[in-house]
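Following: one structure in structure tokens, then a few remarks.
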Amino acid sequence: MISILVPTRGRPALLRRALRSLQLQSYVQWEALVADDGEGEGVEAAQSLQDPRIRPFLNPGKGQVEARNAGLERAHGEVVALLDDDDWWEDEYHLHRVLRALRNGPALVYRGGWLVHEREGIELERYPFDFAATPQSLRQDNTLLASAVAYPRILHEQLGKFDPEMADYWDWDWYLRVVEAGYPLLRLPGRGVAVAQHGANASYGARLAERQANLDRLVRKHGLSGVVLKDHRSLLEPGQAPALDA
């Protein structure tokens with residue numbers, strides 16, 4: 001069994017797209033823990049698909065990190081996979097590839113994908129996002145797409161839950177904790193995930209001070225140096241990044 005953590009808030013149409021991509025997976029032994037951090041619209045959207053493998057519930061806490069932790073508490077799978085509600089998997093064999101990579105022992109599995117620039121549900125452009133990561137590189141940049149990450153759930157038994165204090169950088173914090181504990185990073189071939197870039201998630205400039213404060217907490221926690229505030233779009237080659245704020 002693979003447990004897929006899907007936090008959601010106020011985006012029922014996008015959530016349905018994400019969940020349909022799960023239903024297209026060739027590996028069928030999965031459960032989707034859909035933690036609705038909103039007013040219940042996510043629960044309704046998930047229930048509308050009438051799939052018993054999709055288990056929606058209202059977030060008992062507040063915020064995306066606590067939503068994921070609530071999903072962990074309800075998970076039954078030996079493997080955890082992450083998927084944001086506005087992203088989707090394009091490789092129907094993604095879960096098969098994850099399980100194959102984990103046959104030799106615990107690791108953090110990741111792969112490349114696409115940054116998809118869309119507006120009102122219409123895809124305008126997409127850009128490949130493929131970066132290798134090492135324990136050393138993760139101390140400078142987070143080049144992993146969260147929606148393409150999976151690992152054995154037993155890692156949480158050793159390392160604890162996601163840290164709500166890390167806020168925007170909960171995923172980077174988790175990757176650092178995994179590699180600091182000595183677990184390897186395994187990169188799957190090809191691109192398996194589409195990461196949506198749209199108006200609803202393009203307000204980076206409006207939260208610079210808050211994001212910097214969150215990054216400062218991550219730096220202090222892990223003793224990092226030389227880390228600069230940025231987002232994953234800035235890692236693309238000049239001229240490739242979509243004009244999201246146009």
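Please read all numbers here as calculations on a predicted model, not as lab measurements.
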Applying side-chain hydrogen bond (donor to acceptor under 3.5 Å, both in side chains) to Lys161 and not counting sequence neighbours gives Glu73
CG of Asp130 to OG1 of Thr143, rounded to nearest 0.5 Å, is 10.5 Å
Gap separating the CZ atom of Arg11 from the CD atom of Glu41, nearest 0.5 angstrom:
11.0 Å
Are Ser147 and Leu82 close enough, and set up right, to give a side-chain contact (heavy atoms from CB on, under 4.5 Å), and what steps lead you there?
CA-CA 5 Å; Ser147 291; Leu82 307 178; 5.9 Å; no
For the pair Gln140 (side chain) and Ser225 (backbone), establish whether a donor and an acceptor sit closer than 3.5 Å, ignoring hydrogens and angles.
yes
Nearest 0.5 angstrom please: Ile122 CD1 to His117 NE2, how far?
11.5 Å
With sequence neighbours excluded, what pairs up with Val43 under the side-chain contact (heavy atoms from CB on, under 4.5 Å) test?
Asp36, Gln47, Pro56, Leu58
Might you point out which heavy atoms bring Ala133 and Leu144 nearest each other, and give the distance in Å?
CB-CD2, 3.5 Å
Arg217 side-chain N/O to Ala167 backbone N/O, donor-acceptor pair under 3.5 Å
no
In Å and rounded to the nearest 0.5 Å, what is the CD1 to CD distance from Ile2 to Gln29?
9.0 Å
Identify the two heavy atoms, one from Leu83 and one from Pro7, that lie closest to each other, and give their separation to 0.1 Å.
O-CD, 3.8 Å
Ring pair (Phe, Tyr, Trp, His ring centres under 6.0 Å) pairs, two or more places apart, involving residues 5-56
Tyr27-His96
Just do the side-chain contact (heavy atoms from CB on, under 4.5 Å) check on Leu215 and Val227 with the steps written out, would you?
CA-CA 9 Å; Leu215 182 61; Val227 176; 3.8 Å; yes
Could I get the full list of side-chain hydrogen bond (donor to acceptor under 3.5 Å, both in side chains) partners for Arg53, not counting sequence neighbours?
Asp51
For Ser48, which residues count as a side-chain hydrogen bond (donor to acceptor under 3.5 Å, both in side chains) partner, sequence neighbours excluded?
none
Answer yes or no: is there a donor N or O on one side and an acceptor on the other, between the side chain of Arg9 and the main chain of Asp37, under 3.5 Å?
yes
Near-ring test Phe131/Phe129, centroid separation under 6.0 angstrom:
yes
Residues pairing under ring pair (Phe, Tyr, Trp, His ring centres under 6.0 Å) where one sits in residues 55-88, two or more places apart or in two chains, turn out to be none
side-chain contact (heavy atoms from CB on, under 4.5 Å) between Asp91 and Arg111, worked out
CA-CA 11 Å; Asp91 178 7; Arg111 69 188 306 187; 2.9 Å; yes
If you measure from the Lys or Arg side-chain nitrogens to the Asp or Glu carboxylate oxygens, is any gap between Arg220 and Asp216 under 4.0 Å?
no
With Leu176 via side-chain contact (heavy atoms from CB on, under 4.5 Å) - residues at least two apart:
Leu138, Arg139, Trp172, Glu180, Leu218, His222, Leu224
Where Leu145 and Gly113 come nearest, the two heavy atoms and their spacing
CD1-N, 3.7 Å
Residue list, side-chain contact (heavy atoms from CB on, under 4.5 Å) with Ala75, at least two apart or on another chain
Ser3, Glu31, Leu33, Arg153
Taking only residues two or more places apart in sequence or in another chain, which ones pass side-chain contact (heavy atoms from CB on, under 4.5 Å) with Asp171?
Asn142, Ala146, Tyr175
Nearest-0.5 Å distance, CG of residue Leu188 to CZ of residue Arg97
8.0 Å
Ring pair (Phe, Tyr, Trp, His ring centres under 6.0 Å) contacts touching residues 3-26 (sequence neighbours left out)
none
Partner set under side-chain hydrogen bond (donor to acceptor under 3.5 Å, both in side chains) for Asp163, not counting sequence neighbours
Lys221
Say you draw a straight line from CG of Leu14 to CD of Glu118; how long is it, rounded to the nearest 0.5 Å?
6.5 Å
Between Val79 and Ala150 the two heavy atoms that sit nearest each other are CG1-CB, 4.4 Å
Find out if a path of hydrophobic residues (ILVMFWY) with successive side-chain heavy-atom gaps under 4.5 Å connects Trp89 to Leu24.
no
Quick one: are Met166 and Val65 in side-chain contact, heavy atoms under 4.5 Å?
no
Taking all atoms of both residues into account, what is the closest heavy-atom pair of Pro106 and Pro152, and its distance?
CA-CG, 3.7 Å
Quick check on the hydrophobic clustering: are Tyr93 and Tyr110 connected, directly or via other members, by side-chain heavy-atom contacts under 4.5 Å?
no
Walk me through it: do Arg17 and Glu123 pass the test salt bridge (Lys or Arg N to Asp or Glu O under 4.0 Å)?
CA-CA 13 Å; Arg17 178 177 67 181; Glu123 181 173 327; over 6 Å; no
Verify salt bridge (Lys or Arg N to Asp or Glu O under 4.0 Å) between Arg68 and Asp84, making sure each step is shown before the conclusion.
CA-CA 10 Å; Arg68 290 181 174 87; Asp84 286 345; 2.5 Å; yes
Working note: Arg211 + Leu208, criterion side-chain contact (heavy atoms from CB on, under 4.5 Å); need CA distance, chi angles, decisive distance, verdict.
CA-CA 5 Å; Arg211 290 176 56 229; Leu208 286 179; 3.7 Å; yes
For Gln50 and Pro52 the tightest heavy-atom approach is O-CD, 3.9 Å
Ring pair (Phe, Tyr, Trp, His ring centres under 6.0 Å) against Phe162, all qualifying residues, sequence neighbours excluded
His156, Trp170, Trp174
